[in-house]
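Note that these values count all heavy atoms, side chains included, but never hydrogens, waters or copies made by symmetry. These numbers come from a predicted model, not from an experiment.
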Amino acid sequence: MTTDTTTADESPDSQGRPHYAVERHRVLVQTVRSQGRLDAGSMAERLQVSTETIRKDLQLLERRGLLRRVHGGAIAVEDLSFEPEVSARTSNEDEKRRIARAALAEVPREGAVFLDAGSTITMLAEMFPADRDLNIFTNTLTIALALVGRPRLNVHTLGGRVRARTFAEVDNWAIRALSEIQVDVAFLGTNAISSERGLSTPDESEATVKRLMLSAARRRVLLADHTKHDRTSLYKYGNLSDIDLLITDDGLSEQHAHRLEAAGLKQVVRT
């Protein structure tokens with residue numbers, strides 16, 4: 001017997017919207033699993049109940065391990081550990097391309113640059129200017145191959161074990177290389193960014209490398225489309241205050257951008 005009670009604002013209507021608690025819970029879980037996240041206000045309007053009712057539903061579903069609550073709604077628990085292969089990350093290509101193009105303004109005329117793993121960073125590598133004398137360090141084989149044919153760029157990889165899912169080099173050799181270099185600008189990717197938890201990723205070995213990347217750069221630029229925001233993953237590797245500039249797309253609301261800055265992020269650019 002459920003402990004949830006229905007109220008006047010939960011009565012069914014002619015369109016057959018879910019009205020019993022168990023039906024609401026089913027819709028909430030299906031939505032967060034299919035879309036990766038849900039907005040409490042939007043769901044309250046859709047289900048014709050109060051936002052407080054949705055908030056209580058999310059608290060109950062979180063206790064049951066069916067989702068994870070975040071500010072303003074919830075995300076799928078799969079986000080904590082699921083990591084698609086880089087070759088499969090084809091969503092939001094237009095937004096990622098705009099982000100990569102905006103990041104070109106942060107490429108120095110000379111010096112050293114680090115390029116992290118990730119689909120948006122790969123797009124940046126494909127656009128990377130070839131008219132500059134730069135040392136490029138990367139932990140990603142596909143990015144190194146994209147740049148090695150440009151004669152004015154000196155391309156270095158960190159070495160180490162190559163993860164098949166992301167083509168990123170990790171573990172001892174990569175860690176040792178990062179302890180010995182200091183770059184002018186690091187262009188970084190992330191699986192998840194949250195005003196509450198900072199930066200996180202599903203893989204422990206990549207989290208270790210990313211943590212060292214942050215300390216190996218004088219300026220740190222994070223490239224992350226709006227789908228990465230308000231999410232958390234298994235291993236935290238950095239704080240928002242570690243990032244000098246976040247370049248994202250206009251799918252991130254201005255209010256959310258202000259919240260990230262209030263949590264310690266220095267600057268947000270929405271493309």
Side-chain angles (χ1 to χ4, degrees), residues 36 75-93 96-97 99-100 103 112-128 135-149 153-181 183 185-194 197-217 220-225 227-229 231-239 242-243 246-247:
I75 62 173
V77 291
E78 289 86 354
D79 285 346
L80 295 176
S81 58
F82 177 69
E83 182 181 24
E85 296 181 8
V86 170
S87 58
R89 300 175 193 176
T90 57
S91 60
N92 306 303
E93 285 193 21
K96 291 177 180 180
R97 192 166 286 107
I99 292 169
V113 167
F114 190 90
L115 296 178
D116 189 11
S119 54
T120 308
I121 307 292
T122 299
M123 288 185 180
L124 172 61
E126 293 169 353
M127 303 176 186
F128 212 80
N135 285 294
I136 307 295
F137 293 87
T138 184
N139 66 328
T140 312
L141 296 180
T142 50
I143 289 178
L145 290 172
L147 296 173
V148 72
L153 301 180
N154 293 313
V155 180
H156 311 259
T157 64
L158 299 184
R161 176 174 65 88
V162 179
R163 291 192 67 222
R165 187 165 291 275
T166 61
F167 306 117
E169 297 167 330
V170 295
D171 294 343
N172 289 340
W173 288 356
I175 291 170
R176 184 165 60 247
L178 281 167
S179 70
E180 297 176 354
I181 64 173
V183 299
V185 183
F187 293 94
L188 307 165
T190 191
N191 294 86
I193 177 172
S194 162
R197 194 160 185 256
L199 309 172
S200 54
T201 189
D203 185 77
E204 183 178 15
S205 57
E206 287 212 30
T208 299
V209 170
K210 286 177 178 292
R211 194 173 297 117
L212 290 171
M213 289 177 194
L214 292 170
S215 61
R220 292 153 291 196
V221 179
L222 180 67
L223 311 187
D225 69 84
T227 63
K228 307 292 179 64
H229 296 279
R231 290 177 178 251
T232 59
S233 198
L234 198 55
Y235 296 99
K236 177 179 177 178
Y237 64 88
N239 298 313
D242 294 325
I243 300 301
L246 165 65
I247 304 178

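The two atoms that bring R97 and M123 nearest to each other are N-SD, 3.6 Å, heavy atoms only. Residue S200 comes nearest to S233 through the heavy atom pair OG-N, 2.8 Å, listed as atom of the first residue, atom of the second, then distance. Heavy-atom minimum distance, L124 versus A103: CD1-CB, 4.1 Å. Nearest heavy-atom pair, A144 versus T157, reported as atom, atom and distance to 0.1 Å: CB-CG2, 3.6 Å. The shortest non-hydrogen separation linking V209 to A174 is CG2-CB, 4.3 Å.
Here the straight-line distance linking atom CD of E206 with atom CG of D171 works out to 10.0 Å at 0.5 Å rounding. To the nearest 0.5 Å, the span separating CZ on F114 from CG on L178 amounts to 5.5 Å. In this structure, I75 CD1 and T232 OG1 are separated by 4.0 Å, a value rounded to the nearest 0.5 Å. Taken to the nearest 0.5 Å, the OG1 atom of T227 stands 10.0 Å off from the CG atom of N191. Atoms OG1 and CG, from T138 and L158 in turn, are 7.0 Å apart once rounded to the nearest 0.5 Å. Note that CZ of F128 is 4.0 Å distant from CD1 of I136, once rounded to the nearest 0.5 Å.
Side chains of I193 and L222 form a contact here, defined as non-hydrogen atoms less than 4.5 Å apart. Looking at heavy atoms from C-beta onward, H229 lies in side-chain contact with L246 at the 4.5 angstrom threshold. Residues M213 and N139 have side chains in contact (heavy-atom distance under 4.5 Å, counting atoms from C-beta outward). Contact check for T122 versus I143: side-chain heavy atoms found under the 4.5 Å cut-off. With a 4.5 Å cut-off on side-chain heavy atoms, L115 and L147 count as touching. Within the 4.5 Å cutoff, no side-chain heavy atoms of V170 are placed close to those of T208. Side-chain atoms of Y237 and T190, non-hydrogen and from C-beta on, do get closer than 4.5 Å to each other.
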Could you give me the CA-CA distance, side-chain angles and deciding distance for V183 and V113, then say whether side chain to side chain contact (heavy atoms under 4.5 Å, CB included) is met?
-> CA-CA 5 Å; V183 299; V113 167; 5.9 Å; no

For the pair K210 and L188, evaluate side chain to side chain contact (heavy atoms under 4.5 Å, CB included) and give the outcome as yes or no after the intermediate values.
-> CA-CA 8 Å; K210 286 177 178 292; L188 307 165; 6.0 Å; no

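Under the 3.5 Å distance criterion, the side-chain polar atoms of K236 are left unmatched by any main-chain donor or acceptor of G198. At least one donor-acceptor pair under 3.5 Å links the side chain of R220 to the backbone N or O of D242. Side-chain atoms of R161 do not come within 3.5 Å of backbone N or O of W173 as any donor-acceptor pair.
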